[in-house]
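A short worksheet on the structure shown next.
When reading the values below, keep in mind they use all heavy atoms of this one structure, side chains included, and skip hydrogens, waters and symmetry mates. Chain identifiers are assigned alphabetically (A, B, ...) following the order of the sequence lines, protein sequences preceding nucleic acid strands; residue numbering begins at 1 within each chain.
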Amino acid sequence: MNAFGSRDIVVVDLGFGDAGKGATVDWLCSPQAGLDVAAVVRFNGGAQAAHNVVNGERHHTFSQFGAGTLSGVPTFLSKFMLVEPIALATEARALEAIGVHNPFDLLTIDGRALLTTPIHVAANRAREDARGGNRHGSCGKGIGETAAYALEHVDAPTVGDCLRPDVLRRKLVEMTRYYGRLITESRHGFPSINDMTEMYGEFAAAVNIVGPGALQAIGAGGRLIFEGAQGVLLDEWRGFHPHTTWSTVEPSNARAMIGQMGRESYVLGVTRTYMTRHGAGPFPMEDGALGLALPESHNGVGEYQGSFRVGHLDEMLLRYAIEVSDGVDGVALTHLDALGLAAAANTPIHGVERYEEWASIPVGKWKDLDHQQVLTDTLRTVEVAAKQVPSEPEEFVDYLSGALGVPVVLTADGPDRADRRLRTTVPA
Amino acid sequence: MGYGYWDDNTYKAGKTFRAARGVDDFGYTDSLRARPRDTWKADPTLDPFRVDKRECRDSDGHPDSLPIAVLFDVTGSMGAVPRIMQDKLGKLHGLLQRKGYADDPQILFGGIGDADSDRVPLQVGQFESGNAMDEQLRTIFLEGNGGGQKSESYELAAYFMARHTSTDAWDKRGRKGYLFIIGDELNKPRLSARHIRSVIGDKVRLDVSVPSIYRELEKRWNVYFVLPDQSSYYNDPEIADHWTKLLGERFVKLDDPAAVCELIALTVGIGEDRIDLRDGLADLRDIGSVAEAATVGKALALVGEHAPATVAGLPRDLGTGTDDVDFR
């Protein structure tokens, strides 16, 4: 018997992203796991996600397709997703190249999901360029711009509009008027409205676009895995403002969808044995020397995203992430092999004894960005008392379970699907 | 940068979505071929009948428009070339724009058949700078017949391009455009007035000699005839002789039809004096067209040595009257 029972599983990253959600979801969907998964549901983010999955010779960086695709598990892009069809096509070609036949057959999209267009991308990049040295650490893929535009415009383009070329055309024209000079005076641009409308028409003809109620039907086929993007510490309301993403990363939306179906959820938090983050923002346990000791095969430097940063384990941040997630039921712990690598390089992974400023990171009211800004300012200068943590994997697992008050139910000591283990004896 | 430019990602996405639902890139051809032959006709956007002018104009976003016309022989075995072109449009654009061979290229596609035996002997699209050119290329009807008399109606296409195009490049800057005719046979012996009337709709009563229409055409266009190694005529001395007499060194043999995009890009780059042949071949290897570089290097060995004169000086007489044509 496994820890999950018959519940739908929500997979969230407890850090700043890159903890190993993709590989975790791939494993949960694999025949080895035997969890009878009907579909993977994406409940936040968009084309900026980069979930690496390695299964033997096959490697794919999942972005919009669910990370269960290599096992033939279908993907449902929920209404909370920001869908970018051009990137979706690129991803489909990459999947075909590693042997997934017609990946679009595995895809269903809620028509209410927002559409990310080349206009959003151009606006995003134009803005980020204008910030110069004060970049927010955006991926440059138009995600924030899509969310921001939709907040101000009730008729922002959606996936469903791709089925109605006249409606879509009107909305795209409206967008070009809205952005006007921001884009025309930048070094960025976008294709003509005709070209975009035509391509989105092809998109709508190739994928299954559905209305409300579809999730219930999909869920009737078995267990659902809700695959989160990014990390809870980047959540739009709970992350460290302004270094956040325009998306609800913590699991409340996923829990709500499961609850509405009258089903139960199991929230699985994912963390590495250490912390990582991309781009700007506070990172109390950052350590360049540790970064040098731990090779990172799939995370490079993006022009708009900034460099990949590495730091020690931060129990304070993880406990904060768990608290703002309204608790998690279990932890998936990845990169156990890093413990040995770091020790061998004489930069053993440390943990946090305490922050001098706080016993715990104070959780504010939801949507209180002033509070989040105080957290950000404090974390930039916080005094950390570090401590040794076990460098032997089994001891580390026990240590982390205790430190977080949550059982570690899944571990990984490498990037491959074969490197993952379900822990049958669950420490209290 | 503005908008309305060619976007490789959008083009590739459209292609991917079409493939996903099993739609051929040349869907117009497929749909027409399923119908009776006597109903075949050019898509309205490509039908040359009673077209006044195909125009290549400057715009705010594209102030230095450069017309590039590519007319394919769409008979028989030559039908593969438009498909190759469609596959590689992104590469053509990468070279023309990102490598700076031309600032604001506008590309027109068309199809050439046999006015004696085909239902759709001539198709001519519009000059486009965005992804619409992909759509146009896919809408060309690949009739695929051909008469077997070793001639196609290239001269009819030449007549259309000479009399029914108007470009700012020429009108404002006195710069010639580039016209590539891609085929493997001879012109018809004469430019037939009957064909002009029935296919283009001009009230012409007398036939015109083939050399005279090419002379007229070359006043505003750098005209190339590209013979890809795709048929038994590749080594036929009669073909080479015929086209060399008309176009001189701009008769180009291409031993691998897969390199047609690269050939066009480099020819334009060299013609515009942006690169020499060596730079161009290095660019091709840069973008991964290694085999194509070898083919194009061979094809352009003669042309590449000296770029054609593209600036003719502003024309004194902008009209295209009939004085230059020998009536017979």
Any side-chain heavy atom of B/Asp7 sitting closer than 4.5 Å to one from A/Asp195? no
Hey, what do you get for [atom1] ([X]) to [atom2] ([Y]), rounding to the nearest 0.5 Å?
X: A/Met199; Y: B/Lys15; atom1: CE; atom2: NZ; value: 15.0 Å
X: A/Phe203; Y: B/Thr10; atom1: CZ; atom2: OG1; value: 13.5 Å
X: A/Glu202; Y: B/Glu135; atom1: CD; atom2: CD; value: 8.5 Å

In sequence, state the C-alpha distance, the side-chain angles, and the governing distance for A/Glu91 and B/Lys12, and then conclude on salt bridge (charged side-chain N to carboxylate O under 4.0 Å, His left out). CA-CA 12 Å; A/Glu91 185 172 5; B/Lys12 278 195 208 153; over 6 Å; no
Name all residues meeting the side-chain contact (heavy atoms from CB on, under 4.5 Å) criterion together with A/Ala89; count only those two or more places apart in sequence or in a different chain, and write none if there are none. A/Arg93, B/Ala13, B/Thr16, B/Phe17
Which residues pass the side-chain contact (heavy atoms from CB on, under 4.5 Å) test with A/Asn102, not counting sequence neighbours? A/Glu96, A/Phe104, A/Asp105, B/Ala20
According to ring-ring contact (aromatic ring centres under 6.0 Å, His included), who are the partners of A/Tyr178, at least two apart in sequence or on a separate chain? A/Tyr149, A/His153
Interface residues of residues 87-102 of chain B facing chain A - non-hydrogen atoms under 4.5 Å apart: none
Taking all heavy atoms of B/Arg21 and all of A/Ala205, pick out the closest pair and write down the distance.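 Minimum heavy-atom contact is NE-CB, 3.3 Å.
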